[in-house]
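Following: one structure in C-alpha cells, then a few remarks.
In this text the structure is predicted, and so the values were computed from the model without any measurement. Proteins get letters first, then strands, A, B, ... in listed order; numbering begins at 1 in each. Values reported hereafter were calculated over all heavy atoms of this structure, with side chains retained and with hydrogens, waters and symmetry mates removed.
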Number of protein chains: 2
Amino acid sequence: MTDLVAPGGGARAERSHRLGRPPSTSRAELEEVALRLFAERGFDETSVEDIAAAAGIGRRTFFRYYPSKLDLVWGDFGAGLDDMRTRLAATPPEVPTMQAVRAGVVEFNRIPQEKVEQHRRRLGLILGVSTLVANSTLRFSQWREVIAEFVAARTGCRPDDLLPRVVGHCALGAAVAAYEGWLQGAGTDLAAMLDEALRLLADGCT
Amino acid sequence: MTDLVAPGGGARAERSHRLGRPPSTSRAELEEVALRLFAERGFDETSVEDIAAAAGIGRRTFFRYYPSKLDLVWGDFGAGLDDMRTRLAATPPEVPTMQAVRAGVVEFNRIPQEKVEQHRRRLGLILGVSTLVANSTLRFSQWREVIAEFVAARTGCRPDDLLPRVVGHCALGAAVAAYEGWLQGAGTDLAAMLDEALRLLADGCT
DNA sequence: ATCATAATGGCACTGAGTGTCGAAGGAGGA
DNA sequence: TCCTCCTTCGACACTCAGTGCCATTATGAT
C-alpha cells in the first residue's frame, strides 16, 4: 500500500529483472547508507544529494526509489500492517475486543532479537526528529484505520463512527506512549511496555 | 509560547507602537486573507507569495508575521493551552482525575457561537490537508504535555512516566476522534462529541 | 531638520520535490 | 555479431518553503 514501484520491480533488486537496464542500487542499500549518514550527522543535516552521492547514484534517481527522504526511514511498515489486520480478523469472537487489540498491537511490534537495535534507531528518528514526528501522523493513520475497522466489525458499526475512531486513536496513543518509554529507558522490554500501556487504556486510564 | 514576535510588538497591530515604522498589516488581517484564499483554491495551491501579494506585502515580510505558512492556520492556540493548564491546576482534589481531564478538554474547546464556522474551517484544514495533519502532531505535543503534567501531579509521579504519557496521548486521541466526528456530521455539537469520546476513554473503550 | 528605531522588501541562497528528455546498459532475436 | 527493445539513469530546469543580509522607508523624539 505504501510501497512505491521502485526500480527492479520489487522492494529490492534481488529478483533478476527480465528487461531493460538493471537497477544500479536497491532500497535496502539506500536505507543502509542513509541511516548511517543520519547517525553521523543527523537527519536534517543530511541532504538527499548527500545520500545519493554516498550511494553512487544521482539525486534524481533517489526519488525513484523513495518518494521522499522521510519515507526511507519507515522500512516495510505496510507489510506489518497487513499482518496485524489479518491477525485481528482471525481473533476468536469470545476474546474481548480490547484484549484482542492489545494482543494485536503487541504482536505487531514483535521484533527478532537481532533487529532490536536497528528498530531502536529507526524509532528514535521517528519520534525524535521533528520533521519525522510530523510525518509519522500520516503513517499512523493507516495503523489507526486497521484498529478502527476491527472494532467496527466487532461492534457492528462503521469505522468512521465515534467508538471505532476513539479506540483507534487511543490504541495508537498508548502504543506511542510505550515507544517513548522504551526509547527513554535503556534495558526496557518493548512488548511489556506496550502491554502495560494498553492495559492502562482498557482500564480507563485510572 | 507559540507566539512569534510579530511586527507591532503584539499579535496584532492594535497597540500603537512607540517607535519606528508602523507595521503595514497584522496577523489578523493575514489570517483573513489567507483563509479566504485557502477556501478558494486550497492550501497547497496557495503559495506564500500569493498570500503576501493579496495582503499587499512582500513575501519576505510574511515570514516576519508567521514562521511558516502552516503556523498561520493555528491562531491563538498557545493562549488556550495556558487556560487549560490553569483550569486543570485549579480542580478540587476530590474530582476524579479522568473526570477533571474530560471537563478540562471540553472547556478548552468551548467556542462562542459566532466563531463556530471559522473554527470549523480551521479544524477542517488542520485535519484535512495532509501537510497540516502532519504539522498538527507537533502542536498537539504541547497539548499532551499539559494533560500529562496534570496527571503526574495527581498521581505523584513524573510527566514522562508511562501513565501520564498514556493519558496525554489517549485524551488527545479521543479529542481528535471527536473533532473528526464533528467535522463529519453537519449539525453536531462539538462539546457533546468531546464529552462522549472522553467518557468512552474513561470507560476503557468498551 | 535630523536622528534613532523598527518594519519593509528585494536579492540571493539552500534544499525538497517534480517534469522532461536524451543517454546508458542490459536481454533477446535476427 | 549486431540490432532492437525496454527500463533505468541522470542531467537540467523549474516551483516553492524558508533564511540571511542589507539597503530603504516611515514614524516619533530631539
Side-chain angles (χ1 to χ4, degrees), chain A residues 4-27 29-30 34 37-38 41-73 129-132 134-135 138, chain B residues 4-30 34 37-38 41-74 129-132 134-135 138:
Chain A
L4 171 73
V5 181
R12 316 205 169 171
E14 57 205 10
R15 195 181 300 110
S16 69
H17 62 293
R18 301 249 158 248
L19 223 47
R21 174 175 178 172
S24 37
T25 185
S26 63
R27 289 203 190 191
E29 192 183 327
L30 282 182
L37 289 180
F38 294 161
R41 329 179 196 172
F43 182 83
D44 288 324
E45 289 69 33
T46 306
S47 71
V48 172
E49 188 134 30
D50 295 335
I51 302 169
I57 61 171
R59 197 183 80 95
R60 187 64 183 86
T61 300
F62 175 91
F63 288 106
R64 292 210 178 83
Y65 286 83
Y66 289 98
S68 78
K69 194 172 100 176
L70 303 167
D71 288 289
L72 182 143
V73 181
V129 177
S130 85
T131 329
L132 281 162
N135 182 251
L138 305 177
Chain B
L4 170 73
V5 181
R12 314 202 171 172
E14 56 202 13
R15 195 182 298 105
S16 68
H17 61 293
R18 299 253 158 247
L19 221 50
R21 177 176 177 169
S24 39
T25 184
S26 63
R27 289 203 189 189
E29 192 181 327
L30 282 181
L37 290 180
F38 294 161
R41 329 178 194 172
F43 182 83
D44 288 326
E45 289 69 33
T46 306
S47 70
V48 171
E49 188 135 31
D50 295 334
I51 303 170
I57 60 172
R59 197 182 81 95
R60 188 63 184 84
T61 300
F62 175 92
F63 289 105
R64 295 213 175 80
Y65 285 84
Y66 290 98
S68 80
K69 195 171 97 173
L70 302 168
D71 288 289
L72 181 144
V73 182
W74 285 86
V129 177
S130 86
T131 328
L132 281 161
N135 182 250
L138 305 177

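- Here the P atom of nucleotide dC16(D) and the NZ atom of K69(B) are 9 Å apart, to the nearest Å.
- What separates CD1 of I51(A) from P of dG15(C) is a distance of 12 Å, to the nearest Å.
- OP1 or OP2 of dC9(D) has at least one side-chain nitrogen or oxygen of Y65(A) nearer than 4.0 Å.
- Residue F43(B) contributes atom CZ, which lies 14 Å from atom P of dC16(D) at whole-angstrom precision.
- Atoms CD (E49(A)) and C1' (dC13(C)) sit 14 Å apart, rounded to a whole Å.
- Distance D71(A) CG to dG17(C) P: 8 Å, rounded to the nearest Å.
- Side-chain atoms of I57(A) lie closest to dG10(D) of the nucleotides dG10(D), dG28(D), dG18(D).
- Set against dT5(C), dG17(C), dT19(D), the side chain of L19(B) has dT5(C) as its closest nucleotide.
- Between the base of dG20(D) and the side chain of R60(B) there is a donor-acceptor pair shorter than 3.5 Å.
- Atom CZ of F62(B) is separated from atom P of dA17(D) by 9 Å (rounded to the nearest Å).
- Among the heavy atoms of the strands lying under 4.0 Å from T61(A) is at least one base atom, whether or not backbone atoms are also near.
- Note: CD (E45(B)) to P (dC16(D)) measures 11 Å, nearest angstrom.
- S24(B) comes within contact range of the sugar-phosphate backbone alone, with a heavy-atom separation under 4.0 Å but no base atom that close.
- Distance from the side chain of R59(B) is smallest for dA17(D) among the nucleotides dG17(C), dA17(D), dC9(D).
- Atom CG of L70(B) and atom OG1 of T131(B) lie 6.5 Å apart (nearest 0.5 Å).
- Side-chain contact between L132(B) and F38(B): absent, with no pair of heavy atoms (C-beta onward) separated by less than 4.5 Å.
- Set against dC22(D), dA17(D), dC9(D), the side chain of R64(B) has dC22(D) as its closest nucleotide.
- A donor-acceptor distance shorter than 3.5 angstrom exists from the side chain of Y65(A) to the backbone of T25(A), with no hydrogens or angles considered.
- Residue Y66(B) has no polar side-chain atom (N or O) positioned under 4.0 Å from OP1 or OP2 of dG18(D).
- Among dC16(D), dT24(D), dT5(C), the nucleotide with an atom closest to any side-chain atom of R21(B) is dT24(D).
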Evaluation steps, side chain to side chain contact (heavy atoms under 4.5 Å, CB included), between V73(A) and V129(A): CA-CA 11 Å; V73(A) 181; V129(A) 177; over 6 Å; no
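- Closest contact between the side chain of P22(A) and the listed nucleotides dA16(C), dG25(C), dT27(D) involves dG25(C).
- For S68(A) and G58(B), each mapped to the nucleotide of DNA chain C holding its nearest heavy atom, the one lying further toward the 5' end belongs to G58(B).
- Taking atom CZ of F63(A) as the reference point, atom P of dG15(C) lies 12 Å away to the nearest angstrom.
- Considering I51(B), L30(B), V48(B) as possible partners of Y66(B), the one that fulfils the side chain to side chain contact (heavy atoms under 4.5 Å, CB included) test is L30(B).
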